[in-house]
Amino acid sequence: MLEIWQGIQAAFWLIVTFDADLYEIAARSLFVTCSAVAIAALVGLPLGAWLAVSRYRFRRFVIAMLNALMGLPPVVVGLVVYLMLSRSGPFGVMGLLFTPWAMIIAQVIILTPLIASIAHQSIRDLWAEYHDLLISLNTTRSQRIKTLLWDSRRALLTAALAGFGRGIGEVGAIMIVGGNIDHVTRVMTTAIALETSKGDFALAIGLGFVLIGLAIAVNLALHVLSGTEVRDRW
């Protein structure tokens, strides 16, 4: 209990004193995660809608594989991205390893199956309701996908928030490809891991409270801006 109380005090002190390192790390965490969620959503949401409206021979197998990829081990993703971006890898010439962009790439690979799978589940139910109407209107597949994405936009916010929740708490992959370099690639989760390894549990717990507060604040802000929870709406 003493360490938890010290962690709360440490978190409060870091915030009220406008600790420069804390705000830099928090800003980098938000940049990496929000960028990865945005890219993963641009890929995953249309992919989920396409899987919902399409019929082809290996559809069930593709959906099963997509669901299985939701459990991709982050350290394996980090290892693969590391090998791809290392000097001896095919993309080593780009010099992305140990930069925030490498961390974003790793998170996009992790988050895309998650967002696509949740989007597919949401849009599949809506497609069952809209199927006859959209077919009777002689719409194209792209028009159906756009309609389903727009009409299920509030439900799809859940997919994006799930991706954000997993991304903001990710440590394995980004530790491998980012290297936890101070003022370059250090984010909240890797900073917590570092402080824990150093034995500074109070600061680690304090950073943990800040990380949780940051995740809650972003989720609440998105809900308020999108109007998902307002009176007279279920």
Side-chain angles (χ1 to χ4, degrees), residues 10-11 14-46 72 74-75 77-82 84-86 91-92 94-116 118-119 153 156-196 203-226:
L14 288 171
I15 293 172
V16 298
T17 57
F18 296 97
D19 184 80
D21 288 339
L22 171 66
Y23 284 95
E24 177 191 350
I25 292 172
R28 188 177 300 113
S29 299
L30 282 177
F31 169 73
V32 170
T33 302
C34 290
S35 299
V37 169
I39 297 171
L42 287 174
V43 176
L45 295 182
L72 270 176
V75 290
V77 174
L79 175 60
V80 172
V81 174
Y82 180 93
M84 293 294 103
L85 299 181
S86 64
F91 304 106
M94 301 176 69
L96 295 177
L97 193 62
F98 301 133
T99 68
W101 300 109
M103 299 157 67
I104 292 172
I105 293 171
Q107 284 206 7
V108 167
I109 296 173
I110 295 171
L111 300 182
T112 299
L114 174 66
I115 293 176
I118 297 176
R153 60 190 181 279
L156 295 179
L157 178 63
T158 303
L161 290 177
F164 178 83
R166 181 168 183 183
I168 197 69
E170 172 55 38
V171 61
I174 59 177
M175 180 77 81
I176 294 175
V177 301
N180 195 24
I181 304 173
D182 194 17
H183 301 297
V184 180
T185 59
R186 183 164 298 167
V187 293
M188 296 293 292
T189 51
T190 57
I192 292 171
L194 176 64
E195 297 304 327
T196 301
L203 181 56
I205 294 173
L207 290 170
F209 281 122
V210 173
L211 177 62
I212 293 172
L214 188 64
I216 293 174
V218 171
N219 277 265
L220 288 176
L222 287 176
H223 277 297
V224 170
L225 292 174
S226 63

Colleague: Tell me, with the steps shown, if Leu156 and Arg153 meet side chain to side chain contact (heavy atoms under 4.5 Å, CB included).
Modeller: CA-CA 5 Å; Leu156 295 179; Arg153 60 190 181 279; 5.5 Å; no
Colleague: Once you round to the nearest 0.5 Å, how far does CG of Leu97 lie from CZ of Phe91?
Modeller: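 Going from CG on Leu97 over to CZ on Phe91, the span is 13.5 Å.
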Colleague: Which atoms form the tightest heavy-atom contact between Val75 and Gly172, and what is the distance?
Modeller: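 Shortest heavy-atom contact: CG1-CA, 4.1 Å.
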Colleague: Do the non-hydrogen side-chain atoms of Ile105 and Leu96 ever get within less than 4.5 Å of each other?
Modeller: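 In short, these two side chains touch, coming nearer than 4.5 Å.
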Colleague: First locate atom CD1 of Ile168, then atom CE of Met188, and finally report the distance between them rounded to the nearest 0.5 Å.
Modeller: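 The distance works out to 8.0 Å.
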Colleague: Search all heavy atoms of Pro46 against all heavy atoms of Ala41 and return the closest pair with its distance.
Modeller: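 Scanning both residues, the minimum pair turns out to be CD-O, 3.5 Å.
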Colleague: Against Ile216, only a single residue in Val218, Asn219, Leu214, Leu220 fulfils side-chain contact (heavy atoms from CB on, under 4.5 Å); can you say which?
Modeller: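 That would be Leu220; it is the only one of Val218, Asn219, Leu214, Leu220 passing the side-chain contact (heavy atoms from CB on, under 4.5 Å) with Ile216.
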Colleague: Decide, yes or no, whether a salt bridge links Glu170 with Arg166 under the criterion of side-chain N to carboxylate O below 4.0 Å.
Modeller: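 Salt bridge absent between Glu170 and Arg166.
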Colleague: Would you please name every residue forming a side-chain hydrogen bond (donor to acceptor under 3.5 Å, both in side chains) with Thr190, sequence neighbours left out?
Modeller: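 Here the qualifying residues are Asn180.
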Colleague: Which heavy-atom pair separates Ala173 from Pro74 by the least distance, and what is that distance?
Modeller: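 So the two residues come closest at CB-O, 3.2 Å.
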Colleague: Is there a side-chain contact between Met84 and Val81 in this structure, where contact means two heavy atoms from C-beta onward sitting under 4.5 Å apart?
Modeller: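 Met84 does not reach Val81 side chain to side chain.
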Colleague: For Ala160 versus Val37, what's the shortest heavy-atom pair and its separation?
Modeller: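 Ala160 and Val37 have their closest heavy atoms at O-CG1, 3.9 Å.
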Colleague: Once rounded to the nearest 0.5 Å, what's the spacing between atom CD of Glu195 and atom CD1 of Ile205?
Modeller: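 It is 12.0 Å, given to the nearest 0.5 Å.
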Colleague: How close do Val177 and Gly78 get, heavy atom to heavy atom, and via which atoms?
Modeller: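 Closest pair (atom of Val177, atom of Gly78, distance): CG1-O, 3.3 Å.
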Colleague: Please identify each residue that fulfils side chain to side chain contact (heavy atoms under 4.5 Å, CB included) with Ile181, with sequence neighbours left out.
Modeller: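 Listed in chain order: Phe98, Val184, Thr185.
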Colleague: How long is the span from the CD1 atom in Ile174 to the OG1 atom in Thr33, to the nearest 0.5 Å?
Modeller: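 Interatomic distance, Ile174 CD1 to Thr33 OG1, rounded to 0.5 Å: 7.0 Å.
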Colleague: Within a radius of less than 6.0 Å around CZ of Phe209, do more than 12 heavy atoms belonging to other residues, nucleotides or ligands occur?
Modeller: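 Atom CZ in Phe209 is crowded, with more than 12 foreign heavy atoms closer than 6.0 Å.
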Colleague: Give every residue pair that meets the side-chain hydrogen bond (donor to acceptor under 3.5 Å, both in side chains) criterion with at least one member in residues 94-108, sequence neighbours excluded.
Modeller: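 Sorted pair list comes back empty.
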Colleague: If you take all heavy atoms of Val187 and Ile25, which pair is closest and at what distance?
Modeller: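 In this case the closest contact between Val187 and Ile25 is C-CG2, 3.2 Å.
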Colleague: Do Leu30 and Phe164 come close enough that some side-chain heavy atom pair is under 4.5 Å?
Modeller: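 In short, these two side chains touch, coming nearer than 4.5 Å.
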Colleague: Is there a side-chain contact between Ile39 and Leu111 (heavy atoms, below 4.5 Å)?
Modeller: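 The answer is no; the side chains never approach within 4.5 Å.
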Colleague: Find the distance between CG (Leu161) and CD1 (Ile115) and round it off to the nearest 0.5 Å.
Modeller: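 Going from CG on Leu161 over to CD1 on Ile115, the span is 9.5 Å.
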